[in-house]
Amino acid sequence: MATATLTAPATRDEGLIQELGYDDHFHEHHHGDKYQSNFISHYIFSMDHKMIAKQFLITGMIWAIIGGLMSLVFRMQLGFPEESIAWLKPVLGKWIAVSSDGVGSLTQDFYYALVTMHGTILVFFVLTAGLSGTFSNLLIPLMIGARDMASPLLNMLSYWFFFISGMIMFSSLFLSTGPFAGGWVAYPPLSALPQAMDGSGAGMTLWTISLVMFVVSVLLGGINYITTVLNLRTKGMSMWRLPLPIWAFFVTAILGLLSFPVLVSAFFLMMLDRGIDTSFYLSEIFIGGQALDHVGGSPILYQHLFWFLGHPEVYIIILPAMGIVSEVLSVHARKPIFGYKAMVFSILAIGFLSFIVWAHHMFMSGVNPFISNFFVVFTLIIAVPSAVKVFNWIATLYGGNIRFNPASLFGIGFVSMFISGGLTGIWLGNSTLDIQLHDTYFVVAHFHIVMGVAAFFGMYAGVYHWFPKMYGRFMNETLGKFHFWGTLIGAYCVFWPMHYIGMAGVPRRYYSFDAFDAFSHFAQLNKFITIAAIITFGFQLLFVLNFFYSIWKGRKLTTPNPYNANTLEWTTPIETGHGNWPGKLPTVQRWAYDYGKDGREFISQVEPVSEDESPAH
């Protein structure tokens, strides 16, 4: 009798899973979004992956505006050093120095602080959390046929650690000594000595604490993403039937899980140097002619630890964009993605190789030339899987019936940016050429195009494409096209000229070039870059306006699958509740890219393979 009582529920659950493809406990207790929810539990401390994705996206957009405004302020200093910006003094206070004749300019310390904060915000808070946090959360459960993430609680905590991290970083802007001003890479000794400069004091401490909180967020999210992909795929969803965005998010999460803890270890040693006078990174330091009691350390150790995270971080940023663009181009070209397995293997190859190329950032640091040759070889090798992806995107577009909407345009723009920015990486990957180009505007131009702007293009493609899934409405297509062309032309106008001034030797991070006769003839080009940056930023505000207007006033979604796409997220209802599917979970019958097959425009993943159908992928 006791045995029957114990086994009956298990038998019932196994029967439900066998019959319906899921355990209905979730559905019974969490029907839609109406289960014991209020404003706080629904919008603020939500455990629904779709709401958390929106939180990551909107928070990332706010940070993008802040980081973008910072870049405009220091670009005005570079482009118009003779013009007064005293009108900014009510906002920036003592960071604007006003001369006796009323001319206002940025203080040098605050210039460096703006450059540092701009890099930190864009790399971590926008292009890491804003891009991966948004689309991994939104798409992983929907595309693999899961109710939610493996741990909704950890998912919620991941966002709130990110939010806390951002608030700590933001608070450092209001310190009397100013935020950290030693560059976003935080090289010692500026970062390891609190007395080195004003920004090296409390600003550096808050910067470090903020990024440690950020790493906690990344780890919580990454564990969730990996576990969900491995364990919660619906019936029939094998790994080789996963859409390419899921492969990209999966590998991205693995990269974050393996590399970000190394950054924390680097920060831990740095805090020991700062707080209890150890010498992990410091040796024979003099300040004001006085020798400090630091011997035996090496700042090169910090560079190794930082760039072991720093180079995988490049692919943590760009891989999600690659996955998104692969999906968007296939859907809107109405063609199967070209070379699906080659695309998957190239994602895996990029993930692996990203861990063994970090020292190409250190060719000027005095590392052994033989070691440099090792990193040159693998830096050039990592271009191969990237080139495979570019070839496959172009082959997917070739001969396709392309819908030229904002999503596909930004996808095509991503390919353009990735090609033009990636080619310059071959120059910088060569240790001989890097000696000439290191720390010039050529480097700034390269990584802004290939990592910054390209990643933004991938993000924009994803937002325009999945906006109807997030909000049940469409963004305005005309405004979206204006946004695309303004951003594409503007970004090239900003960053292409930087290649030329970089080849001429103009160094990055310099506050002013007045003391250099050799660079004075680039003044007009600097003005052009600054004007282009201001105009390009204006087009991003057009996107923000379109985004928030469309949430409430955009054209309503009237069909669950407006793009005639194959993947599972378009099989959910228009108003998708918590749990995604109101009935049983869908069963996957085929791969995600059956477009233009056997005379049919598209075939959903849930449609069984018929007997007379040509062999499936």
Side-chain angles (χ1 to χ4, degrees), residues 14-24 26-27 49-50 135-150 224-251 253 323-324 326-328 330-331 334-345 347-348 465-466 469 559-574 576-577 579-598 600-617:
E14 290 169 5
L16 283 169
I17 295 170
Q18 183 70 24
E19 178 186 354
L20 303 177
Y22 73 104
D23 183 343
D24 74 341
F26 185 99
H27 185 58
H49 69 99
K50 299 180 294 298
F135 291 103
S136 295
N137 269 297
L138 176 69
L139 295 178
I140 287 177
L142 288 173
M143 281 188 155
I144 70 171
R147 294 291 180 196
D148 206 316
M149 286 292 176
N224 235 345
Y225 305 151
I226 295 167
T227 307
T228 304
V229 171
L230 291 179
N231 293 332
L232 296 187
R233 301 190 308 276
T234 191
K235 185 178 180 181
M237 180 63 83
S238 67
M239 294 295 283
W240 287 113
R241 287 177 172 175
L242 288 174
L244 288 173
I246 305 304
W247 274 107
F249 302 148
F250 177 66
V251 174
I324 289 167
S326 299
E327 179 72 18
V328 168
S330 179
V331 170
R334 314 310 296 154
K335 283 183 63 183
I337 191 74
F338 186 89
Y340 172 85
K341 288 191 175 181
M343 295 290 260
V344 172
F345 284 124
I347 290 173
L348 296 172
H465 183 75
W466 282 289
K469 179 50 57 183
T559 174
N561 190 1
Y563 304 127
N564 290 337
N566 295 342
T567 44
L568 296 183
E569 76 270 27
W570 304 111
T571 65
T572 61
I574 293 175
T576 308
N580 299 333
W581 287 269
K584 67 177 183 177
L585 291 174
T587 299
V588 171
Q589 308 285 348
R590 59 181 72 230
W591 75 317
Y593 300 101
D594 270 337
Y595 294 103
K597 182 179 182 182
D598 296 337
R600 300 176 62 184
E601 184 189 358
F602 75 104
I603 309 175
S604 174
Q605 277 193 284
V606 299
E607 183 173 327
V609 179
S610 62
E611 292 181 0
D612 57 347
E613 191 173 336
S614 61
H617 176 80

Aromatic plane relationship, Tyr340 with Trp591 - under 30° parallel, 30 to 60° tilted, over 60° perpendicular: perpendicular
Spatial distance of atom [atom1] ([X]) from atom [atom2] ([Y]) [nearest 0.5 Å]:
X      : Y      : atom1 : atom2 : result
Leu142 : Phe135 : CG    : CZ    : 12.5 Å
Ser136 : Ile246 : OG    : CD1   : 7.5 Å
Ser604 : Asn564 : OG    : CG    : 10.5 Å

Are the side chains of [X] and [Y] in touch, meaning some heavy atoms are under 4.5 Å apart?
X      : Y      : answer
Val331 : Asn566 : no
Phe250 : Tyr225 : no
Leu244 : Glu327 : no
Leu232 : Pro141 : no
Lys50  : Asn137 : no
Ile324 : His465 : no
Arg334 : Glu601 : yes

Keeping the roles fixed (side chain from [X], backbone from [Y]), state whether a donor-acceptor pair exists under 3.5 Å.
X      : Y      : value
Arg241 : Gln589 : yes
Asp594 : Pro336 : no
Trp247 : Met239 : yes
Thr228 : Ala150 : yes
Lys469 : Glu569 : yes
Thr576 : Pro573 : yes

Distance-minimising heavy-atom pair for [X] and [Y]:
X      : Y      : answer
Pro586 : Val606 : CB-CG1, 3.7 Å
Ser330 : Tyr593 : OG-CD2, 3.3 Å
Asn561 : Phe602 : ND2-CE1, 3.8 Å
Leu568 : Met143 : CD1-O, 3.7 Å
Pro560 : Pro562 : O-CD, 3.4 Å
Thr234 : Gly145 : CB-O, 3.4 Å

Any residue meeting salt bridge (charged side-chain N to carboxylate O under 4.0 Å, His left out) with Glu607, in chain and number order, not counting sequence neighbours: Arg600
From CA spacing to verdict: side chain to side chain contact (heavy atoms under 4.5 Å, CB included), Trp240, Lys341: CA-CA 8 Å; Trp240 287 113; Lys341 288 191 175 181; 3.7 Å; yes
Side chain to side chain contact (heavy atoms under 4.5 Å, CB included) between Tyr563 and Trp466, intermediate numbers included: CA-CA 10 Å; Tyr563 304 127; Trp466 282 289; over 6 Å; no
Passing candidate, side-chain contact (heavy atoms from CB on, under 4.5 Å) with His49, options Leu139, Ile140, Asp148: Asp148
